[in-house]
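The shown structure was predicted, so the numbers you read here are calculated from the model rather than taken from an experiment. Note that ligands are numbered from 1 as they come in the structure, with each ligand's atoms numbered from 1 the same way.
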Amino acid sequence: MQQRNYDAVVIGSGVGGMCAGALLVHEGYKTLVVEGRERLGGRFSTEEVEGFKLVTGASLIHHSGWVPRVFKKVGATLELRDCFEVSYWIRGDEHYIPMGNRVAALFDLINKMEVDRVRLVGGIAKEVATQKIQGALGRAISQPDKESGPTFREWLLRYTDNEDVHAVFDSMCVSFLLAHSYEIPARSFFHFMATEKGAGDGALCPQGNLSAVQELARVVETNGDTWTDCPAKRIVVAKGAATGVVVEHTGREVEIACKAVISNAGPRQTVALAGSENFDAGYLAQMRVKLRASPVVIIHVASDEPLCLEGGEHGGMLVAGARRITGAIPLTNTCPELAPPGKHLLHLVATPATTLAAMDAEEEIRQCTLDLEMIFPDFQKKNGRILKMEPRNIDHDLPLGRTWNGPPFRMPRETPVKNLWNVGDAAYSAFGGTSGCAETAMAVVEAVKQSVGH
Ligand SMILES: Cc1cc2nc3c(=O)[nH]c(=O)nc-3n(C[C@H](O)[C@H](O)[C@H](O)COP(=O)(O)OP(=O)(O)OC[C@H]3O[C@@H](n4cnc5c(N)ncnc54)[C@H](O)[C@@H]3O)c2cc1C
């Protein structure tokens with residue numbers, strides 16, 4: 001077997017892995033990033049179909065999040081274009097939420113929904129109920145841990161049984177926390193609102209996510225390498241410490257000796273690569289209990305005119321009360337570069353009725369197709385065409401999230417094996433999605449400095 005030496009090896013080139021790789025090089029470590037797939041980026045990458053640049057997962061990067069901070073720290077360029085505007089599709093009606101105080105605007109909308117419903121059944125207006133929800137939510141967000149028991153839906157039922165209001169919050173739970181309102185503990189929602197404040201400062205990469213990832217690769221390659229089509233086969237453990245990684249490179253096994261191994265492949269794969277005998281029972285039990293991969297269907301639609309946010313607004317639409325679809329972003333409203341000239345690209349995300357069990361992919365495709373017809377009545381007229389509809393089940397290695405968003409569902413970044421760490425969206429962070437992944441990379445590189453030195 002061939003032998004090579006680096007200071008650090010990163011397994012996987014998702015946003016967490018690439019941030020870790022670039023930060024390690026920035027700190028002076030000669031680093032190798034190995035990626036099993038043919039292209040870098042994992043769920044933050046770009047796949048070309050008929051000249052359209054499709055996202056492989058994330059679309060929105062948050063200005064206030066950790067990804068821009070890592071780029072800045074390592075001296076990489078991150079081109080972002082604001083995509084802030086929000087509209088809600090609620091059972092067929094579209095409501096635009098103006099910028100400014102979004103929470104107040106959302107409650108105005110909820111209030112209207114409560115008043116409309118009461119009018120229908122001949123009661124008196126329910127502003128009081130809405131004020132109660134708003135007040136209770138404000139108190140809960142300021143003390144997220146006080147509420148220990150119920151799911152978010154059970155918490156909300158204390159204030160309203162209006163199913164339209166529940167649908168709005170369910171869509172928010174699925175989009176931000178990766179689980180339904182009837183699955184996720186209420187405090188996870190309050191924590192999210194307290195830490196990420198609704199994450200209302202999203203932006204898109206105009207040239208596609210892969211070009212942003214390649215900027216990080218450029219940093220890595222100033223004192224290291226990125227190898228694609230190069231799966232890690234084994235993490236070498238000697239006397240309780242990680243000392244190298246065996247990879248398959250150009251058809252041959254190569255053993256890379258190193259001082260630190262950072263795995264971006266998710267804790268389950270990390271354990272499989274290093275051998276479960278090197279992990280104590282407590283760690284393995286945590287992994288079984290905490291990791292709850294969320295299934296998803298990702299839909300990419302081409303059209304001749306925008307199908308949603310038809311005025312060309314730069315933003316996204318939260319979908320409440322449809323069968324499966326919970327969010328839509330007309331990417332080309334903001335970044336026309338992502339489609340051939342004159343064409344439009346819409347990215348949609350759909351979640352099955354439960355995130356806790358494997359989905360029936362065929363049934364989900366059927367439900368999503370019905371949703372597309374219902375949400376976009378002009379689908380045919382605007383020459384709408386599904387470019388790709390991709391169900392990713394709970395056993396897919398690139399799911400919506402490797403676990404629900406919220407500290408109780410995350411694994412520690414450090415492992416029982418010395419000099420072996422996890423980065424990515426299953427590792428502990430107070431933040432979700434790409435932002436959380438970048439934060440785990442920052443924290444792990446600090447830990448490498450402490451543990452390995454130079
Ligand atoms: C549909 C969808 C929409 C999303 N929307 C957003 C959004 O708008 N904003 C946001 O912030 N987040 C969003 N997310 C979440 C975000 O995409 C993820 O949290 C993030 O990209 C995960 O990055 P990661 O670092 O965990 O690595 P991953 O993306 O999981 O990448 C891991 C990489 O490791 C590689 N790998 C695995 N095993 C091996 C091995 N043995 N050897 C070598 N390589 C290996 C894989 O091939 C992969 O490339 C979305 C996700 C999805 C699926």
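The cationic atom of Arg292 (NZ for Lys, CZ for Arg) lies less than 6.0 Å from the six-membered ring centre of Trp404 and within 45° of the ring axis.
With no hydrogens or angles considered, a side-chain donor-acceptor pair links Glu363 and Gln367 at under 3.5 Å. Side-chain contact check for Asn223 and His26: no donor-acceptor pair (N or O, by modelled atom type) lies under 3.5 Å. A donor and an acceptor atom, one from each side chain of Thr226 and Glu221, are located under 3.5 Å apart. A donor atom on one side chain and an acceptor atom on the other are not found under 3.5 Å apart for Asn209 and Ser45. A side-chain N or O of Thr355 and one of Glu183 form a donor-acceptor pair less than 3.5 Å apart. With no hydrogens or angles considered, no side-chain donor-acceptor pair links Tyr96 and Glu313 at under 3.5 Å.
Less than 4.0 angstrom separates some heavy atom of Ile298 from each of these atoms of ligand 1: 1 (C). Near Pro231, meaning under 4.0 Å from one of its heavy atoms, ligand 1 places the atoms 42 (N), 43 (C). Listed by atom number, the atoms of ligand 1 under 4.0 Å from Cys437 heavy atoms are 19 (O), 20 (C), 22 (C), 23 (O), 24 (P), 25 (O), 26 (O). Counting the atoms of ligand 1 from 1 in the order shown, those under 4.0 Å from a heavy atom of Gly16 are 25 (O). Residue contact check: Gly433 has heavy atoms under 4.0 Å from atoms 11 (O), 12 (N), 19 (O) of ligand 1. When each atom of ligand 1 is checked for a heavy atom of Gly42 under 4.0 Å away, the hits are 29 (O), 31 (O), 48 (C), 49 (O). Taking every non-hydrogen atom of Ile11 and a distance limit under 4.0 Å, the qualifying atoms of ligand 1 come out as 40 (C), 42 (N), 43 (C). Close approach of ligand 1 to Val34 (heavy-atom distance below 4.0 Å) involves ligand atoms 43 (C), 44 (N).
Remark: minimum distance from atom 3 (C) of ligand 1 to any protein heavy atom is reached at Gly57 O, 3.3 Å. Scanning the protein for heavy atoms near atom 18 (C) of ligand 1, the closest one is Asp425 OD2, 3.6 Å. Among all non-hydrogen protein atoms, the one lying nearest atom 51 (C) of ligand 1 is Leu400 O, 3.4 Å. With respect to atom 24 (P) of ligand 1, the closest heavy atom belonging to the protein is Asn264 ND2, 3.5 Å. Closest protein heavy atom to atom 43 (C) of ligand 1: Gly36 N, 3.1 Å. The single protein non-hydrogen atom nearest to atom 11 (O) of ligand 1 is Thr434 OG1, 2.6 Å, given as residue, atom name and distance. Protein heavy atom at the shortest distance from atom 31 (O) of ligand 1 is Gly14 CA, 3.3 Å. Ranking the protein heavy atoms by distance from atom 8 (O) of ligand 1 puts Leu60 N, 3.0 Å first.
Contact annotation: for Pro399 versus ligand 1, heavy atoms closer than 4.0 Å belong to the backbone alone. With a 4.0 Å heavy-atom cut-off, ligand 1 is reached by the backbone of Ala232 and by its side chain too. Neither the backbone nor the side chain of His62 has any atom closer than 4.0 Å to an atom of ligand 1 (non-hydrogen atoms only).
Looking at Arg218 and Glu215, a side-chain N of the basic residue comes within less than 4.0 Å of a carboxylate O on the acidic one, giving a salt bridge. Taking a cutoff of 4.0 Å between a charged side-chain nitrogen and a carboxylate oxygen, Asp225 and Lys30 do not qualify as a salt bridge. Between Arg392 and Glu364 there is no salt bridge, since no side-chain N of the basic residue sits under 4.0 Å from a carboxylate O of the acidic one. A salt bridge does not link Asp371 with Arg324: none of the charged nitrogens is closer than 4.0 Å to a carboxylate oxygen. Of the charged side-chain nitrogens involved, none lies within less than 4.0 Å of a carboxylate oxygen, so that Glu50 and Lys343 do not count as a salt-bridged pair. Between Lys449 and Glu27, at least one side-chain N (NZ, or NE/NH1/NH2) sits under 4.0 Å from a carboxylate O, which counts as a salt bridge.
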(Q) Quick one, Lys388 with Ile299, criterion side chain to side chain contact (heavy atoms under 4.5 Å, CB included). Give me CA distance, side-chain angles, the key distance, then yes/no. (A) CA-CA 6 Å; Lys388 189 170 180 186; Ile299 309 164; over 6 Å; no
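When Glu35, Glu38, Gln269 are checked for heavy-atom proximity to atom 49 (O) of ligand 1, Glu35 turns out nearest. Summarising the contacts of atom 22 (C) of ligand 1 with His396, Lys233, Arg43, the nearest heavy atom is found in Arg43. Residue nearest to atom 34 (O) of ligand 1, selected from Gly12, Cys230, Ala58: Gly12 (by heavy-atom distance).
Between Arg402 and ligand 1, a contact under 3.5 Å exists for at least one N or O pair.
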